[in-house]
Trainee: 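I have a structure here, written as structure tokens, and I will follow up with some questions on it.
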Protein chains: 2
Amino acid sequence: MEEETDAKQEKAEELLEQAERAVINSIADTMDLYGVTPSIGRLYATMYFKHSPMTLDDMKDDLGMSKPSMSTAVRKLQDINIVKKVWKKGSRKDLFLAEKNFFQYFSQFFGDKWEREAKLNLSAIHYAKENLKQILEDEEAEEELKQRAEQDLRQLEEYRSYCHWLERLAHSIESGEIFEFLPIEKSHPNDNDHK
Amino acid sequence: MEEETDAKQEKAEELLEQAERAVINSIADTMDLYGVTPSIGRLYATMYFKHSPMTLDDMKDDLGMSKPSMSTAVRKLQDINIVKKVWKKGSRKDLFLAEKNFFQYFSQFFGDKWEREAKLNLSAIHYAKENLKQILEDEEAEEELKQRAEQDLRQLEEYRSYCHWLERLAHSIESGEIFEFLPIEKSHPNDNDHK
DNA sequence: AAAAACGTTAAAAAATAATTTAATAAAATA
DNA sequence: TATTTTATTAAATTATTTTTTAACGTTTTT
């Protein structure tokens, strides 16, 4: 019966590997949304299933890429705060562990992006509005020009209210306030996914 | 006094141009967030200030690029629904107009992206969970393997709840429900931007 | 103190993506 | 119907990004 157990063993391993691979692929495929290249996305996805920290050599072996690539990739992942360097007595290699809380990642990524977008645009809008107002105040300016200035002004006003809204959304996500409106629903382990 | 008025005229034109250019630059710079290349972003930003529709030749002249480039760029902008083809009696050239409502653009872009992300990942998670459960049900599977399967399962449960949350966020943005929580504040034309 | 192990930077190579020119297809005018 | 205008596709070019190999500087071990 020895061989049969071995076969079963192998099948179980195969199942686990397939399971992890499926999720790794889908994480890697969707991570481009978060400003990360496919390889870096795949590295993160790989680390996501490691329950103990990885070294650069581990990564290189797992992904079949060069060590410098892993070095820069893991730095990028640290920059966006989804991988942390950990310390462990003994090993003199650097050790890295994936942050597995997607909410944290999501919040920070979009919070930063949107805030930056809003700030940049608001400052340009402010500058533009000053100019346009000057035109409107100028008695001698051509009527056609004035009309265009007015229309631009109206448009920028709308744009400004969008930027402010974006800022508020970013803050509510960063502060966690959004979860009052859209609470996180802990689904129970036995729930089935429904189509 | 003729020359003086001309000079003033020119200055007013200069002011308007500077105003538009400032905003065009900042829109172009931030549009990479919306999955668009810098050139395409700049094209949109340019169209944003046109109060009548543009032809491909107009775009080509404005941006100093080739016509095929404009053709593909404008198609991309139509794909993401921020530029519409309009019809006008007379002209046999195609005419395009920018959608200026950023809320609509934002909603659709992130709604689509997040929904796609959630769906893809949820389906991988579902598949993975089935596999992992099989391992746990297998009497003869190695203890170590089972533990790993259990840990993966716990982790995927968290991931799943994140994906569901993302789906709900996408829906609440697409449906406009989010604006009940974060209302759009129409700022008054005379408000000053505050730092 | 010399050798080995690590991680990083720099330069080169390979792979992708953007852009243009040239060719084609479709529609409109004469 | 032939010619011109317009938009698109295909092929070629250019530019950008990603990845690797090679070199470097530090730290650790022997």
Side-chain angles (χ1 to χ4, degrees), chain A residues 24-25 27-47 50 52-80 82-98, chain B residues 24-25 27-47 50 52-80 82-98:
Chain A
I24 287 175
N25 284 336
I27 293 181
D29 279 354
T30 49
M31 267 191 80
D32 61 318
L33 239 173
Y34 300 93
V36 144
T37 67
S39 304
I40 297 183
R42 182 159 297 273
L43 173 60
Y44 172 76
T46 304
M47 296 179 78
K50 301 293 177 180
S52 50
M54 289 183 94
T55 67
L56 289 178
D57 285 307
D58 294 338
M59 299 175 199
K60 165 186 96 106
D61 295 339
D62 254 48
L63 300 197
M65 292 180 76
S66 73
K67 213 170 170 182
S69 291
M70 297 300 96
S71 173
T72 53
V74 91
R75 177 164 52 217
K76 169 79 184 181
L77 291 172
Q78 283 177 279
D79 287 350
I80 57 179
I82 54 175
V83 159
K84 296 258 175 299
K85 194 188 262 189
V86 300
W87 184 86
K88 207 174 181 183
K89 195 163 68 177
S91 141
R92 59 177 163 129
K93 297 188 178 185
D94 290 351
L95 294 167
F96 301 93
L97 203 56
Chain B
I24 287 174
N25 284 336
I27 293 181
D29 278 356
T30 50
M31 266 191 80
D32 61 317
L33 239 173
Y34 300 92
V36 144
T37 67
S39 304
I40 297 183
R42 181 160 298 273
L43 173 61
Y44 172 75
T46 304
M47 296 179 78
K50 302 293 178 180
S52 51
M54 290 182 93
T55 67
L56 289 178
D57 284 310
D58 293 339
M59 300 176 199
K60 164 185 99 103
D61 294 340
D62 254 49
L63 300 197
M65 291 180 75
S66 73
K67 211 170 170 183
S69 292
M70 297 301 96
S71 174
T72 52
V74 93
R75 177 164 52 216
K76 170 79 184 179
L77 291 172
Q78 283 177 279
D79 287 349
I80 57 180
I82 55 177
V83 160
K84 297 258 177 298
K85 194 189 263 189
V86 300
W87 183 86
K88 209 175 178 182
K89 195 164 67 178
S91 142
R92 59 182 165 126
K93 298 189 179 186
D94 290 351
L95 293 167
F96 301 92
L97 203 57

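Throughout, protein chains are lettered first and strands after them, A, B, ... in sequence-line order, and every chain is numbered starting at 1. Only this structure's heavy atoms are used, side chains among them; waters, hydrogens and symmetry mates stay out.
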Trainee: Touch check for B:T55, heavy atoms < 4.0 angstrom, all strands: base, sugar-phosphate only, or nothing?
Mentor: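 No contact at all - B:T55 keeps every heavy atom at 4.0 Å or more from the nucleic acid.
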Trainee: Rounding to an integer number of Å, can you tell me how far A:I40 CD1 sits from D:dT19 C1'?
Mentor: 11 Å
Trainee: Of all heavy-atom pairs between A:D58 and A:P53, which one has the smallest distance, and what is that distance?
Mentor: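 So the two residues come closest at OD2-O, 4.3 Å.
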Trainee: Mind calculating the distance between CG (B:L56) and P (D:dT9) to the nearest angstrom?
Mentor: 12 Å
Trainee: B:S39 side chain N/O closer than 4.0 Å to the phosphate oxygens (OP1, OP2) of C:dT19?
Mentor: yes
Trainee: Between D:dT8, D:dT18, C:dG7, which nucleotide has the shortest distance from any of its atoms to the side chain of A:D57?
Mentor: C:dG7
Trainee: Can you give me the closest heavy-atom contact between B:R42 and B:L63, atom names plus distance?
Mentor: CG-CD2, 4.2 Å
Trainee: Nearest whole angstrom, please: distance from the C1' of D:dT8 to the NZ of B:K85.
Mentor: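 Between C1' of D:dT8 and NZ of B:K85: 11 Å.
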Trainee: In whole Å, what is the span from the CG atom of A:D94 to the P atom of D:dT26?
Mentor: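 Rounding to the nearest Å, CG of A:D94 and P of D:dT26 are 16 Å apart.
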Trainee: Expressed in angstrom and rounded to an integer, what is the separation of A:K76 atom NZ from C:dT8 atom P?
Mentor: 16 Å
Trainee: Can you give me the closest heavy-atom contact between A:L97 and A:M47, atom names plus distance?
Mentor: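 Residues A:L97 and A:M47, closest heavy atoms: N-CE, 4.1 Å.
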Trainee: Take the protein atom CG of A:D32 and the nucleotide atom C1' of D:dT17, then report the distance between them rounded to whole Å.
Mentor: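 It is 16 Å, rounded to the nearest whole Å.
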Trainee: May I have the distance from A:K60 (atom NZ) to D:dT21 (atom C1'), rounded to whole angstrom?
Mentor: 13 Å
Trainee: Can you tell me which residue among B:K85, B:K67, B:K84, B:R75 is in a salt bridge (Lys or Arg N to Asp or Glu O under 4.0 Å) with B:D94?
Mentor: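 That would be B:K85; it is the only one of B:K85, B:K67, B:K84, B:R75 passing the salt bridge (Lys or Arg N to Asp or Glu O under 4.0 Å) with B:D94.
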Trainee: When rounded to the nearest 0.5 angstrom, what distance separates CG in A:D29 from CD1 in A:I24?
Mentor: 12.0 Å
Trainee: What are the two closest non-hydrogen atoms of A:M70 and A:K60, and how far apart are they?
Mentor: CG-N, 3.7 Å
Trainee: B:R42 CZ to C:dA18 C1': how many Å, rounded?
Mentor: 16 Å
Trainee: Residues from residues 63-72 of chain B sitting under 4.0 Å of DNA chain D, heavy atoms only?
Mentor: B:K67, B:P68, B:S71
Trainee: For B:A45 and B:A28, work out which heavy atoms get closest and say how close.
Mentor: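 Closest approach of B:A45 to B:A28: CB-N, 4.2 Å.
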Trainee: Would you mind telling me which residue lines up with the more 5' stretch of DNA chain D, B:F96 or A:P38, judged by nearest nucleotide?
Mentor: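 Checking each residue's closest nucleotide, the 5'-ward one belongs to B:F96.
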Trainee: Between the protein and nucleotides 1-5 of chain C, which nitrogen or oxygen pairs are less than 3.5 angstrom apart?
Mentor:
unit_1	atom_1	unit_2	atom_2	d
C:dA5	O4'	A:R92	NH2	3.4

Trainee: Looking at every non-hydrogen atom in both residues, tell me the closest pair between B:F96 and B:V86 and how far apart they are.
Mentor: N-CG2, 4.5 Å
Trainee: So that I can tick it off, tell me whether A:D62 and A:K50 are bridged by a salt bridge, with the cut-off set at under 4.0 angstrom between side-chain N and carboxylate O.
Mentor: yes
